[in-house]
Amino acid sequence: MSSDAEDIARQAAPIGHGRLQWRILIGFLSGLALGLIAYTVGGDAVWVDWLVAYVTGPIGQIFLRLLFMLVLPLLFAALVVGISEMGEVRTLRRIGLLTLGYTVIVSSIAVAISLAVVNLLRPGDGVDPAAARELLAQGGEGARSIIQASAESEAGMNALVAIVPSNVVQAMSNNDILAVMFFALAFGVGLLLVQTPRTAQLKDTIEGLFEVAMKLIGLVIQLAPIAIFCFMFNLSAQFGWDLLFKLAAFVGVVLLALGIQMFGVFPALLRVIGRKSPLAFFRETREASVMAFATASSNATLPTTLRVADSQLRLPPKIARFVLTIGATANQNGTAMFEGVTVLFLAQFFGVDLTLGDQLFVMLVCILAGIGTAGVPGGSLPVIALILNGVGVPPEGIGLILGVDRFLDMCRTTLNVVGDLVAAQVISAVSGDEVDQPSVSA
Ligand code: ASP
């Protein structure tokens with residue numbers, strides 16, 4: 001399994017790596033600078049509108065449509081594989097269930113914290129509503145039709161019932177994320193329950209689908225510098241300097257939310273359930289944190305994480321190996337939090353009022369997305385684009401956060417990896433010695 005994870009990390013390496021990072025940064029800064037000049041000099045000039053409508057707008061749209069094209073197969077495959085791997089090792093089924101339960105509960109806490117922080121501080125508020133509406137109106141045709149589909153979705157009890165799709169093809173064509181995720185979950189569980197040579201083949205095929213989707217997303221991301229230039233130009237030509245302050249507030253809120261989980265929730269879990277001193281834990285896991293920060297990829301950090309669990313934390317190897325390998329893709333607290341903050345921030349920015357129902361939807365999707373997001377640099381981005389569409393926030397907003405994404409990616413990946421180690425520590429403590437006995441040989 002670990003080699004799978006490493007393979008995938010290698011496949012997707014183009015996302016956010018090496019020179020591309022610099023090109024993205026250059027695209028971001030030059031788009032921002034030219035947009036600000038246009039805002040200062042041109043203001044409402046016709047040529048600025050023309051440029052946005054016929055050049056920078058459409059280029060950004062094409063980039064987004066390419067991402068949307070790939071995100072459903074990617075999410076479906078990642079969820080099916082993630083779930084089915086949780087129970088793959090027969091002897092570890094109990095640990096698998098514990099890991100699943102732990103992941104869902106701790107991710108829920110994480111997402112709840114991030115939504116609370118962003119609702120309290122409201123970093124995206126205060127943008128000129130007229131300008132925001134104008135930008136909303138400009139949303140490309142494709143994005144608008146997807147948004148429309150989800151705006152017609154049910155409310156209240158019916159929304160709950162609608163999570164179970166009666167027609168999965170229809171759910172996919174309506175971009176009904178929760179229903180598709182439900183189907184993927186059910187499919188993953190089914191794959192767990194039937195273990196024959198044919199289902200093993202099917203699982204291989206779905207893993208293949210995942211790798212192809214990752215590869216294609218890697219190629220699409222190569223276009224990111226141009227797309228980001230266009231996004232930043234559009235946004236800064238219309239919002240001016242306000243944009244910079246909002247962006248700084250966004251970074252601050254993401255860091256605050258991640259910090260609460262890292263230095264509040266994790267120490268509590270370690271002390272109460274994991275029977276470990278948080279200070280000693282953080283000291284012993286330093287190597288994995290640094291590696292996660294540097295690579296911005298949970299999967300690439302996996303070998304280091306495994307070593308730390310073994311030589312520093314001295315966890316039972318069987319449990320640690322299992323929890324950490326699955327966790328590198330499926331237990332991503334930082335990612336779930338980041339996705340929650342980003343979606344709500346952009347909703348505030350564009351003046352889209354999210355009802356309690358909408359926020360619960362975001363929360364549910366983020367919890368599942370924590371399981372379904374690939375542990376590679378920039379893994380969150382396609383998922384965020386999808387959620388934005390689901391709640392009617394212009395997906396162009398993603399251009400706003402792409403420019404600061406690398407730094408935030410490094411931070412959230414650190415939380416993801418430390419969270420995996422906390423999970424391994426807690427689950428080891430809960431399961432006692434039973435799995436640590438040499439009798440478990442499979
Ligand atoms: N880079 C993250 C990780 O590898 C995933 C993401 O949130 O983009 O854990």
Side-chain angles (χ1 to χ4, degrees), residues 2 4-18 20-21 24 67 70-71 74-75 78-79 81-82 103 106-107 110-111 114 210 213-214 217-218 220-221 224 250-251 254-255 257-258 261-262 285 288-306 323-343 345 365-388 398 401-423:
S2 89
D4 273 4
E6 283 158 29
D7 270 0
I8 291 167
R10 220 174 307 120
Q11 298 257 353
I15 302 186
H17 255 249
L20 181 63
Q21 265 318 304
I24 287 184
L67 276 184
L70 296 169
V71 79
L74 176 73
L75 212 63
L79 259 178
V81 173
T103 302
V106 178
S107 303
V111 177
S114 65
F210 177 68
M214 282 308 297
I217 286 206
V220 172
I221 297 281
F250 167 70
V251 172
V254 172
L255 294 183
L258 297 181
Q261 183 81 356
M262 178 80 106
T285 55
S289 311
V290 172
M291 192 68 177
F293 189 76
T295 59
S297 165
S298 309
N299 286 353
T301 311
L302 187 57
T304 316
T305 321
L306 288 169
V323 174
L324 294 175
T325 314
I326 301 298
T329 305
N331 180 39
Q332 301 191 331
N333 292 177
T335 293
M337 296 182 96
F338 173 73
E339 289 168 353
V341 173
T342 305
V343 171
F345 164 76
V365 176
C366 288
I367 295 168
L368 288 175
I371 301 179
T373 302
V376 297
S380 296
L381 299 175
V383 181
I384 290 176
L386 193 72
I387 309 178
L388 288 177
I398 206 158
I401 53 139
L402 275 180
V404 287
D405 186 61
R406 178 64 183 196
F407 172 65
L408 294 179
D409 199 1
M410 293 161 88
C411 299
R412 66 181 183 259
T413 306
T414 309
L415 191 81
N416 288 343
V417 168
V418 173
D420 293 341
L421 286 163
V422 173

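Just so you know, ligand 1 is whichever comes first in the structure, and atom 1 is the first atom listed for that ligand.
- You'll find the side chain of F407 stays beyond 4.5 Å of the side chain of V254, heavy atoms only.
- In terms of protein heavy atoms, atom 2 (C) of ligand 1 is closest to T413 OG1, 3.3 Å.
- Taking every heavy atom of G378 and a limit of under 4.0 angstrom, the matching atoms of ligand 1 come to 8 (O).
- Near T335, meaning under 4.0 Å from any of its heavy atoms, are these atoms of ligand 1: 5 (C), 6 (C), 7 (O).
- Atoms of ligand 1 lying under 4.0 Å from any heavy atom of N416, numbered from 1 in the order shown and given with element: 2 (C), 3 (C), 9 (O).
- Every atom of ligand 1 with a heavy atom of R412 under 4.0 Å away is listed here by number and element: 6 (C), 7 (O), 8 (O).
- Close contacts between ligand 1 and A296 involve ligand atoms 1 (N), 4 (O) [criterion: under 4.0 Å to a heavy atom].
- Near G379, meaning under 4.0 Å from one of its heavy atoms, ligand 1 places the atoms 6 (C), 8 (O).
- A side-chain contact (heavy atoms from CB on, under 4.5 Å) with F338 holds for exactly one of N416, L408, V343; it is L408.
- When all heavy atoms of G327 and Q332 are compared, the closest pair comes out as O-CG, 4.4 Å.
- The atoms of ligand 1 that sit less than 4.0 Å from any heavy atom of D409 are 1 (N), 2 (C), 6 (C), 8 (O).
- Of all protein heavy atoms, the one closest to atom 7 (O) of ligand 1 is S380 OG, 2.5 Å.
- Contacts of N331 classified as side chain to side chain donor-acceptor pair (under 3.5 Å), with partners at least two apart in sequence or in another chain: N333, D420.
- Across L255 and C411, no two heavy atoms sit closer than the pair CD2-SG, 3.8 Å.
- Here the closest heavy-atom approach between residue T413 and residue S298 is recorded as CG2-N, 3.6 Å.
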Practice prompt. For V417 and M291, run side chain to side chain contact (heavy atoms under 4.5 Å, CB included): C-alpha distance rounded to whole Å, both residues' side-chain angles, the deciding distance at 0.1 Å, then the answer.
Written response: CA-CA 9 Å; V417 168; M291 192 68 177; over 6 Å; no
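- Atoms of ligand 1 found under 4.0 Å from any heavy atom of S298 (numbered from 1 in listed order, with element): 3 (C), 4 (O), 9 (O).
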